[in-house]
Amino acid sequence: MDIFEQVESEVRSYCRSFPAVFDKAEGCYIYGEDGTAYLDFFAGAGALNYGHNNPYITDKLIAYLKNNGILHALDMHTTAKRSFLEHFENSILKPRGLDYKVMFPAPTGTNAVESAFKLARKVKKRQTVFAFTGAFHGMTLGALAATSNSYNRDASGTALQGVTFMPFPYGFNKSFDTIAYMENVLTDDHSGSEIPAAVIVETVQAEGGIIPVDTEWLRRLRALCDKYGILLIVDDIQIGCGRTGDFFSFERAGIVPDMVTLSKSIGGCGLPMALLLLKPELDIWKPAEHNGTFRGNQLAFVAADAALDVLEKEDLLLHVRKAEAFLKDYIEKNILPLDPRITYRGRGLIYGIDFSALDPSGELAGKISKLCFKKNLIIERSGRNDTVLKILPPLVITEEELKKGLQIIESSAKEVLGK
Ligand SMILES: Cc1ncc(COP(=O)(O)O)c(C=O)c1O
């Protein structure tokens with residue numbers, strides 16, 4: 001362990017919650033170098049929907065490498081990119097009646113958000129973006145301006161500009177009519193706010209504490225954006241690619257965003273890749289106006305293409321819905337009865353168990369997650385003060401594996417609560 005502490009920056013994070021040296025991984029398990037098998041309920045923060053080293057995907061990668069497939073080609077046309085684009089268009093976009101152009105902004109989620117903001121400002125010739133309290137959109141300055149967490153914002157060292165936060169319907173604002181409030185802000189010439197270029201929303205706030213918004217709220221947000229000529233951006237970086245039981249998280253609301261950001265699991269097996277989906281009429285980019293060296297990760301194209309096969313072959317969206325029913329049933333029967341102040345919420349295979357009413361400091365949830373790790377389960381926390389235990393397994397998880405992880409959460413919570 002010493003080399004990490006000696007050489008690696010203090011900024012390192014997840015390795016502090018899960019202090020082991022990992023070596024191998026397969027499916028829902030990740031193995032320490034001492035051979036300990038950890039059940040993974042974190043899935044690379046949502047980058048591993050298809051599990052670790054999904055054999056179908058890795059076989060395709062190995063075959064591509066053995067065939068001297070090109071690894072770096074800037075954003076030039078390649079067979080790997082063509083195959084992915086055809087597959088994505090024909091299997092994901094067309095069947096859903098979605099007409100989007102695809103932009104490859106750079107490898108990570110925050111790059112997709114940056115490009116969405118840049119394009120929205122360019123199209124609308126307006127400066128401001130509306131984001132929501134509790135939101136998380138990335139760490140680069142433009143995206144960080146729309147990220148609500150003061151811990152991350154304070155580290156920026158400069159003014160974070162161009163974003164106004166609207167109250168997300170949760171906590172203090174739970175029964176507040178945000179949409180009516182936003183309309184008032186847009187129409188009151190004394191509100192102090194300009195009409196924004198765009199509104200960005202996570203339909204389930206993930207880092208914010210696993211907080212889904214209801215479909216009617218999303219439809220009203222879409223209608224509000226239409227009425228005032230504002231672009232609607234859905235950030236599906238963490239909860240897209242099947243996580244909520246639909247490929248896109250907004251499908252359940254029957255809305256069509258103007259732009260969608262995707263990353264994490266779109267890369268198939270944890271390879272960096274990000275997409276910005278944009279309505280064709282917004283595509284006013286001039287060649288190379290938004291450029292970058294790593295906008296064509298060829299291995300990620302191969303993996304992403306193969307991952308769409310897995311999604312179809314294994315009927316993964318149906319599997320997620322069935323697994324969700326099992327998960328909810330287990331939590332309701334075994335974890336909620338531990339204390340009436342424990343609550344839970346989520347969608348598909350992203351669920352949060354909220355201990356904030358028991359301990360708003362987050363210490364208790366921290367103890368539970370630590371104990372889970374001792375019992376070989378990897379589980380993270382999110383929300384204000386990290387009070388919410390975040391269940392985010394690979395989507396390919398079996399009912400048996402799900403049960404095993406839930407039993408570890410239950411026994412750890414019991415121990416920490418002294419039950
Ligand atoms: C909703 C959302 N948007 C953006 C990001 C940023 O993605 P990345 O960490 O790949 O830059 C994340 C990362 O967790 C996210 O959850």
Side-chain angles (χ1 to χ4, degrees), residues 11-15 17 41-49 103-118 120 129-149 151-153 155-156 160 163 165 168 170 198-213 218 232-244 248-250 257 259-277 292 294-295 297 300 303-304 346-352 379-383 386 388 390-392:
V11 81
R12 61 197 193 281
S13 65
Y14 298 121
C15 54
S17 312
F41 265 30
F42 190 31
L48 294 163
N49 282 7
M103 171 180 173
F104 299 104
T108 71
T110 199
N111 303 129
V113 173
E114 292 288 344
S115 58
F117 286 1
K118 230 184 190 182
V129 169
F130 281 181
F132 291 98
T133 50
F136 186 98
H137 297 294
M139 289 292 107
T140 49
L141 290 182
L144 186 57
T147 292
S148 57
N149 186 338
Y151 182 76
N152 297 124
R153 295 175 67 85
S156 69
L160 297 170
V163 175
F165 284 89
F168 198 65
Y170 169 72
V199 175
I200 185 163
V201 67
E202 299 159 87
T203 76
V204 181
Q205 282 192 345
E207 299 308 302
I210 324 297
I211 313 164
V213 279
L218 284 170
L232 179 62
I233 306 167
V234 168
D235 183 345
D236 251 3
I237 286 168
Q238 186 156 167
I239 56 159
C241 301
R243 176 60 61 186
T244 60
F248 295 108
S249 74
F250 53 83
M259 293 191 230
V260 183
T261 54
L262 282 180
S263 186
K264 297 195 188 263
S265 278
I266 193 68
C269 58
L271 293 173
M273 179 164 169
L275 307 185
L276 175 66
L277 309 181
F294 293 109
R295 291 177 305 123
N297 182 341
R347 190 90 53 194
L349 277 180
I350 179 164
Y351 266 83
I379 185 158
E380 247 301 345
R381 293 177 292 147
S382 75
D386 282 340
V388 180
K390 181 180 182 188
I391 300 174
L392 191 79

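We count ligands from 1, going down the list as the structure has it; atoms in each ligand are counted the same way.
With contacts defined as side-chain heavy-atom distances shorter than 4.5 Å, the pair Asn297/Phe104 does not qualify. Using a 4.5 Å cut-off on side-chain heavy atoms (C-beta onward), Val199 and Phe132 make contact.
Residues with a heavy atom under 4.0 Å from ligand 1: Thr108, Gly109, Thr110, Phe136, His137, Gly138, Glu202, Asp235, Ile237, Gln238, Lys264.
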- Starting from the C-alpha separation in whole Å, work towards a yes-or-no answer on side chain to side chain contact (heavy atoms under 4.5 Å, CB included) for Ile237 and Val113. CA-CA 9 Å; Ile237 286 168; Val113 173; 3.8 Å; yes
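Remark: aromatic rings of Phe250 and Phe248 are close, center separation under 6.0 Å.
Residues Ser249 and Thr244 bring no donor and acceptor atom of their side chains to less than 3.5 Å of each other.
A search for side-chain hydrogen bond (donor to acceptor under 3.5 Å, both in side chains) contacts involving Thr147 returns nothing, not counting sequence neighbours.
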